[in-house]
Amino acid sequence: MLKFAYEMKKDLTISAARRGLAAGEFSSFELTEYYLDRIERNSDLNAFVTIDREKSLFSARKADEKIAGGINMPLLGIPIAVKDLFCTNGMRTTACSRILSDFVPGYESTVTQNLLDDGAVFLGKTNMDEFAMGSANVTSYFGHCFLPFRKKSNPSVKLVPGGSSGGSASAVSSDLCVAATGSDTGGSIRQPASFAGLVGIKPTYGLCSRWGMIAFASSLDQAGPITKTVEDAAIMLKSMAGYDPKDSTSENIDIPDYQKVIGQSIKGLRIGLVSEFMSGLSQENLALIEKTCSWLKDSGCELVDLSLKTVPYSLPAYYIIAPAEASSNLARYDGVRYGYRAEGCRTMEELFVRSRSEGFGEEVKRRILAGTYVLSAGYYDAYYSKALKIRKMISNDFRDNAFSRVDAILSMTTPTPAFSVEESDKMTPVEMYLNDVFTVTANIAGLPGISIPAGLSGDGLPMGVQLIGDKFQEEILLRIAHVLEKCANFGELKKAVLMEDMG
Ligand code: GLN
């Protein structure tokens, strides 16, 4: 009987959890307890940095009361994990930085408030790269975080979950929660989702409010879901999105019922293959793209070859614009108003210098220095202004040469599958930045992008493909993604990669 109850809760999607809760197969309290126990037993994955058992169980009880009272809400009673970049009222929010390691916000971010308003139960805050700067979750003040699976060729080595939303990806793929929030400035939802065999969507810039999200690069930051299935991504995105007057870049549009498109035919859609995304792909990546193309063709799509000459400039432009904005956003951490303060300083200058030097990690300092440099009087025109012009050209290129001809673009999400900590230690900063070569373009152009698990590498690791759409065309992306998910039958493939039940 116990075994049966356990099996019923295993690997639940949002839609299955909804059904189980409605049918009384389990309560939100039981479900929440199940995940809290799993989080504890799998603490070596280091997916969570803060949990509050009492608080989670209390909100689960409240959800159960609502369910018993016949109240219907899209996420009622569903246990979700929150990236530690979203301010949560009364719960520590650190961006995994020492400088915010004891920061407890007195307010709730709009995105997490939207999820709470739809009935979600929060399990805790997930690990991430410090201030969301990274692609491997190796810059967190709280230590590395890991995936629940290993390379076939070297099973003794632990793998990173990608970054920066590594904790969320690790938590969802290890079944420590039903789904999780992420944020994506240059790929931080899609890249970890791809490494972890999950679905991750970075919405159009302006779809989800940035209010209460710890800022990295404000013109690029977007919140989005990391989920087990495309349908779950649709459900969660609907809850997270929406106009917010507190964010001046929030778009006032009606949020569609994304779940409605799940299962709709994609016949007649035109999918672009951009030669700049295709050049230099590994054999394995090429084979996966070819397989994906054949699924698309079999589903009635037309494939269109495109060239977008500005695409190769996305990564260089990103690594000027993002650090520039970060250097400005992170200026507020001065040891005076909140956050870490160095002890025993005798002058104001010493207080600023030591609090920042001791409070920020190496990668964050590197970005602040690079950002300050590209914004400085002598270099502003040569770097920052130029990057902004390139950014405009990239947006125009997509508008004029892609979305006038196709409904979506297909590419790989990442150049390689997940790697180990040892491999990441050997990478230079620029080699690490190259992990985002396929993802940053969507951020630079403000376009929506989704990563869907499409296959396994020779080494038995998940590989994701990316679809990029025109602004506010999330429905088209979800429609196509759902078809690809079915063709790839990733649910079955995943069984082969997951380590024996971790308990
Ligand atoms: N890896 C990229 C960076 O380090 C993207 C991070 C993100 O999307 N937050 O900037």
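Both counts, for ligands and for their atoms, begin at 1 and track the order of listing.
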Any chance you could lay out the side-chain hydrogen bond (donor to acceptor under 3.5 Å, both in side chains) test for Lys83 and Ser165, step after step, and finish with the verdict? CA-CA 7 Å; Lys83 183 177 184 179; Ser165 315; 2.9 Å; yes
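Protein residues lining ligand 1, listed by chain and number: Ala132, Met133, Gly134, Ser135, Ser164, Asp184, Thr185, Gly186, Gly187, Ser188, Phe216, Tyr318, Tyr319, Arg367, Asp436 [non-hydrogen atoms, distance under 4.0 Å].
A side chain to side chain donor-acceptor pair (under 3.5 Å) with Arg190 is found for exactly one of Asp436, Asn443, Thr439, namely Asn443.
By the 4.5 Å heavy-atom criterion applied to side chains, Ile368 and Phe360 are counted as neighbours. Side-chain atoms of His144 and Val160, non-hydrogen and from C-beta on, never get closer than 4.5 Å to each other.
At least one donor-acceptor pair closer than 3.5 Å links the side chain of Glu325 to the backbone N or O of Ser218. The closest donor-acceptor contact from the side chain of Asn401 to the backbone of Leu306 lies at 3.5 Å or more, if one exists at all.
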